[in-house]
Undergrad: 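Here's a structure for you.
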Amino acid sequence: MSQAALNDWPYPLWIGHRGAGKDAPENTLAAFRLGWAAGYRMFECDVKLSADGVPYLLHDATLDRTTSGSGSVEHKAWAELVQMDAGGWHSAEYAGERLLRLDELAAWCLERGAYLNIEIKPVHSHEASTGTSVALAAQALWAQAPVPPLLSSFQPHALQAAQQAAPDLPRALLLDRFWPGWEAVAQQLACVALVCHHPLIDEALMRNAQAHGWRVLSYTVNDAAEARRLQRLGVEGLITDHMNLLNLV
Ligand code: G3P
Ligand code: MG
């Protein structure tokens, strides 16, 4: 699908953050299964590159919070990462859950028609290599799919590398604040969307985005009143930890 084809926004409004928010160990297959069971049809995930070039899911730059391992992931090869328990930290129920490769998640999504937002989350100083590898992997994995994954990142260098590697995959700039020059960067990256920290979103931002041809998505929206406010403004993606929120709004 080309960028132009995104004139018709193909993605659902509701997006499960890291799979199923905090209800299951984030970014594991168990989380995506739970999110799917809760009615979510699109998911956000955080993707890094192992030291030997395997794209896999992990939010933090270290293993401590969400795995049985410890220390930086920067020099860890996949064979080592796959040994970690990525579920026991959450609850006994999920002990033994392991880290997930992007190709495994792609297969799971394609089997059931789930949509994906891949947040490229590089380890510091690996922005370009991660952007390139994740984009090439996504392009190959979703080659036959009717709707490609949406690539997003806080890191312009990661998105720039993704743009060069796989220009037809849709890109979104993640914004936790409006830093100087962000609009020019989003234009240079030919982004189709902005994914904004939800308090940043108001009528002025929506007008600005519309003038530039950017859709607006939001994270992390866990409150029904805030979800309604964003929907009224015309926000087209609500990334949430709250697995029941789509039934309450
Ligand atoms: O992609 C939206 C959101 O996930 C960005 O923040 O820290 O949860 O990855 P974070
Ligand atoms: Mg994320």
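Atom set for the values below is all heavy atoms of this structure, side chains included, hydrogens, waters and symmetry mates excluded. Read the numbers this way: they start at 1 and go in the same order the structure lists the ligands and their atoms.
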Undergrad: Please report the interatomic distance CH2(W14) to CG(N247), rounded to the nearest 0.5 Å.
TA: 9.0 Å
Undergrad: What I want to find out is whether R33 reaches E97 closely enough, with some N-O distance under 4.0 Å, to be called a salt bridge.
TA: no
Undergrad: Looking at atom 5 (C) of ligand 1, what's its closest protein heavy atom, distance included?
TA: E119 OE1, 3.4 Å
Undergrad: Between L174 and ligand 1, find which residue part has any heavy-atom pair under 4.0 Å and reply side chain, backbone, both or neither.
TA: side chain
Undergrad: Run through V73, N27, D46 and flag the one making a side chain to side chain contact (heavy atoms under 4.5 Å, CB included) with L58.
TA: V73
Undergrad: Tell me which part of D46 gets within contact of ligand 1: side chain, backbone, both or neither, using heavy atoms under 4.0 Å.
TA: side chain
Undergrad: Which of the atoms in ligand 1, numbered in the order shown and given with their element, are less than 4.0 Å from a heavy-atom of F154?
TA: 5 (C), 6 (O)
Undergrad: Measure the NE2-CG distance between H197 and L174 for me, rounded to the nearest 0.5 Å.
TA: 12.0 Å
Undergrad: Would you call R18 and E119 a salt bridge, using N to O less than 4.0 angstrom?
TA: no
Undergrad: A quick test of your reading: do over 12 heavy atoms of other residues, nucleotides or ligands sit less than 6.0 Å from CD of E111?
TA: yes
Undergrad: Does a side chain donor of either T62 or D60 reach within less than 3.5 Å of an acceptor in the other side chain?
TA: no
Undergrad: In terms of atom number and element, which parts of ligand 1 are under 4.0 angstrom from non-hydrogen atoms of K121?
TA: 7 (O), 9 (O), 10 (P)
Undergrad: Once you round to the nearest 0.5 Å, how far does OH of Y115 lie from CZ of F43?
TA: 12.0 Å
Undergrad: How far is atom 1 (O) of ligand 1 from its nearest protein heavy atom, and which residue and atom name does that atom have?
TA: E44 OE2, 2.8 Å
Undergrad: Provide the number and element of each atom of ligand 1 under 4.0 Å from a heavy atom of R18.
TA: 7 (O), 8 (O), 10 (P)
Undergrad: Which protein N, O or S atoms does the Mg ion (ligand 2) have within a distance shorter than 2.8 Å?
TA: E44 OE2, D46 OD1, E119 OE1
Undergrad: Is R41 close enough and on-axis enough to W36, meaning under 6.0 Å and within 45°, for cation-pi?
TA: yes
Undergrad: Looking only at protein heavy atoms, which one is nearest to atom 7 (O) of ligand 1, and how far off is it?
TA: H59 NE2, 2.7 Å
Undergrad: Can you list the residues that meet the side-chain hydrogen bond (donor to acceptor under 3.5 Å, both in side chains) rule with S152, with sequence neighbours excluded?
TA: N117
